[in-house]
2 protein chains.
Amino acid sequence: MPRPRHERFDCSPGCPVEATLALIGGKWKGVVLWHLLQGTLRFNEIRRRVSGVTQRMLTNQLRELESDGFVIRTVYPEVPPKVEYSLSERGRSLAPVILALQAWGEANVNVAGQRDVSG
Amino acid sequence: MPRPRHERFDCSPGCPVEATLALIGGKWKGVVLWHLLQGTLRFNEIRRRVSGVTQRMLTNQLRELESDGFVIRTVYPEVPPKVEYSLSERGRSLAPVILALQAWGEANVNVAGQRDVSG
DNA sequence: TCAGACGGTATCCTTTTTGATACTATGTGC
DNA sequence: GCACATAGTATCAAAAAGGATACCGTCTGA
């Protein structure tokens, strides 16, 4: 069972930054949260939208998001199975963070892979 | 040399989020960026502020931040050595992201023994 | 002479994270 | 019977990230 990268965050000023990052820094958590910000989704709907994620990883990330209180998992006792994922209030409170990440990425990450290092 | 976790980010909407996270998601990058947002710092100044980080990891994270164009490393050819780290323009452009992370963390992460965090 | 500060490297090792693959159960359509 | 869809587990392996420790050269101060 994966754990947060820090156990305590009373280190120093600036640590809330780390704390937040430790919660949403999983490889797929950002995109998943972003998609859930648009509305409730079923497992395979998320999986199709987040291209490249494996079933195992998606389960994993969703479980972590759930146990961190960001995501609500609703199981409908049907056959075939139906499970819906939606954001909790706490999850929605991340919106400004996710949107800031998105905005910066759109403005600064070149898809073509170019990188300007020379200042 | 560590690489970003994705090589391409043209996957789908939402991916700018992942792209940004891949760049600043290192264990100590958030705090380091936060501290550098306050001004230029020397290596050991950062090290003292970021409690818990080892010399190796700090070097590591700073090198990655440098090669991603966020941080400018200035070596003064003196003895004893003097190396200063400051944010590039690109680094400063992360301010809204870092501040969003900090704001959320301060509001939502239960920090045992946390006192005032100026900012 | 010995310790400490400076800003690192080099090496080894452990932990964490991620990926690939196969498997579960049930129902529907062909 | 067979494949597909649903939402997962289980298992094994690899890769990435992180940590501990020792070492480098030079200077200052005790």
Side-chain angles (χ1 to χ4, degrees), chain A residues 1-9 11 15 18 21-32 35-36 40-68 71-86, chain B residues 1-8 11 18 21-32 35-36 40-68 71-86:
Chain A
M1 204 177 303
R3 313 189 144 199
R5 293 184 295 188
H6 288 292
E7 297 265 307
R8 304 170 67 215
F9 291 104
C11 25
C15 267
E18 277 310 308
L21 238 20
L23 288 170
I24 66 170
K27 182 164 175 182
W28 310 95
K29 288 184 186 174
V31 231
V32 169
H35 283 290
L36 289 178
T40 297
L41 290 172
R42 296 180 61 176
F43 184 84
N44 275 351
E45 285 173 338
I46 303 177
R47 196 181 167 192
R48 277 188 291 268
R49 280 163 208 234
V50 180
S51 90
V53 71
T54 63
Q55 195 166 36
R56 179 183 163 290
M57 280 310 296
L58 183 54
T59 303
N60 212 302
Q61 303 284 286
L62 284 168
R63 290 290 144 79
E64 284 183 40
L65 289 171
E66 188 194 0
S67 83
D68 286 330
V71 158
I72 294 166
R73 178 170 177 267
T74 311
V75 181
Y76 296 87
E78 305 175 0
V79 163
K82 175 175 170 184
V83 180
E84 280 184 354
Y85 292 91
S86 58
Chain B
M1 179 108 37
R3 314 186 145 203
R5 291 182 295 186
H6 287 292
E7 297 264 306
R8 305 171 66 215
C11 25
E18 277 309 309
L21 238 21
L23 288 170
I24 66 170
K27 182 164 178 183
W28 309 96
K29 287 183 186 174
V31 230
V32 169
H35 282 291
L36 289 178
T40 297
L41 289 173
R42 297 180 62 176
F43 184 85
N44 275 351
E45 285 174 338
I46 302 176
R47 197 180 167 193
R48 277 188 291 266
R49 280 163 209 234
V50 181
S51 91
V53 70
T54 63
Q55 196 166 31
R56 178 186 166 288
M57 280 310 296
L58 183 54
T59 303
N60 213 301
Q61 302 284 286
L62 283 168
R63 289 290 144 79
E64 284 184 39
L65 289 172
E66 189 194 359
S67 83
D68 285 330
V71 158
I72 294 167
R73 178 171 178 265
T74 310
V75 182
Y76 296 87
E78 306 174 357
V79 162
K82 177 177 172 185
V83 180
E84 280 186 353
Y85 291 90
S86 58

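Just so we're on the same page: letters track the sequence lines, and every chain starts at 1.
- The side chain to side chain contact (heavy atoms under 4.5 Å, CB included) search around B:Arg48 returns B:Asn44, B:Glu45, not counting sequence neighbours.
- Atom CG in A:Leu65 sits 5.5 Å away from atom NZ in A:Lys29 (nearest 0.5 Å).
- The side chain of A:Pro80 approaches D:dT6 more closely than any other nucleotide in the set C:dT18, C:dG8, D:dT6.
- The main-chain N or O of A:Val31 is found under 3.5 Å from a side-chain atom of B:Glu18 such that the two form a donor-acceptor pair.
- Within the 4.0 angstrom heavy-atom criterion, only backbone atoms of the sugar-phosphate kind lie near A:Gln61; the bases stay farther away.
- Rounded to an integer number of Å, the gap from B:Asn60 CG to C:dG8 P is 12 Å.
- Regarding A:Ile46, its CD1 atom lies at a distance of 13 Å from the P atom of D:dT6, rounded to whole Å.
- We find that CG of B:Leu58 is positioned 12 Å from P of D:dG19, with the value rounded to whole Å.
- Whole-Å rounding puts the B:Leu21 CG to D:dA17 P distance at 13 Å.
- Atom CD of B:Glu18 is separated from atom C1' of C:dT17 by 14 Å (rounded to the nearest Å).
- From A:Lys82, atom NZ reaches atom CZ of A:Phe43 across 16.0 Å, with rounding to the nearest 0.5 Å.
- The two residues A:Leu21 and B:Ile24 make their nearest non-hydrogen contact at CD2-O, 3.7 Å.
- Between C:dG7 and B:Arg42, a contact under 4.0 Å exists linking OP1 or OP2 to a side-chain N or O.
- One atom, CG of A:Leu62, and another, P of C:dT17, lie 16 Å apart when rounded to the nearest Å.
- For the pair A:Ile24 CD1 and C:dT17 C1', the computed distance is 18 Å after rounding to whole Å.
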Dump every N/O contact between nucleotides 9-11 of chain D and the protein below 3.5 Å, one line per pair.
| from | atom 1 | to | atom 2 | distance (Å) |
| --- | --- | --- | --- | --- |
| D:dT9 | OP1 | A:Arg63 | NH1 | 2.5 |
| D:dT11 | O4 | A:Arg56 | NE | 3.3 |

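- For A:Glu84, the side-chain hydrogen bond (donor to acceptor under 3.5 Å, both in side chains) test picks out A:Tyr76, with sequence neighbours left out.
- When each of D:dG8, D:dA7, D:dG18 is scored by its nearest atom to the side-chain atoms of A:Asn44, the top-ranked nucleotide is D:dA7.
- As judged by a 4.0 angstrom heavy-atom cut-off over every strand, B:Tyr85 is placed among residues touching the sugar-phosphate backbone only.
- Using a 4.5 Å cut-off on side-chain heavy atoms (C-beta onward), B:Arg47 and B:Thr54 make no contact.
- For the pair A:Arg48 and D:dT6, the criterion of a side-chain N or O lying under 4.0 Å from OP1 or OP2 is met.
- Separating the CE atom of B:Met57 from the P atom of C:dG7 is a distance of 19 Å, rounded to the nearest angstrom.
- Distances were taken from every side-chain heavy atom of B:Lys27 (C-beta onward) to each of D:dA7, D:dG18, C:dG8; the shortest belongs to D:dG18.
- Nearer the 5' end of DNA chain C, as judged by each residue's closest nucleotide, is the contact made by B:Glu84, out of A:Pro81 and B:Glu84.
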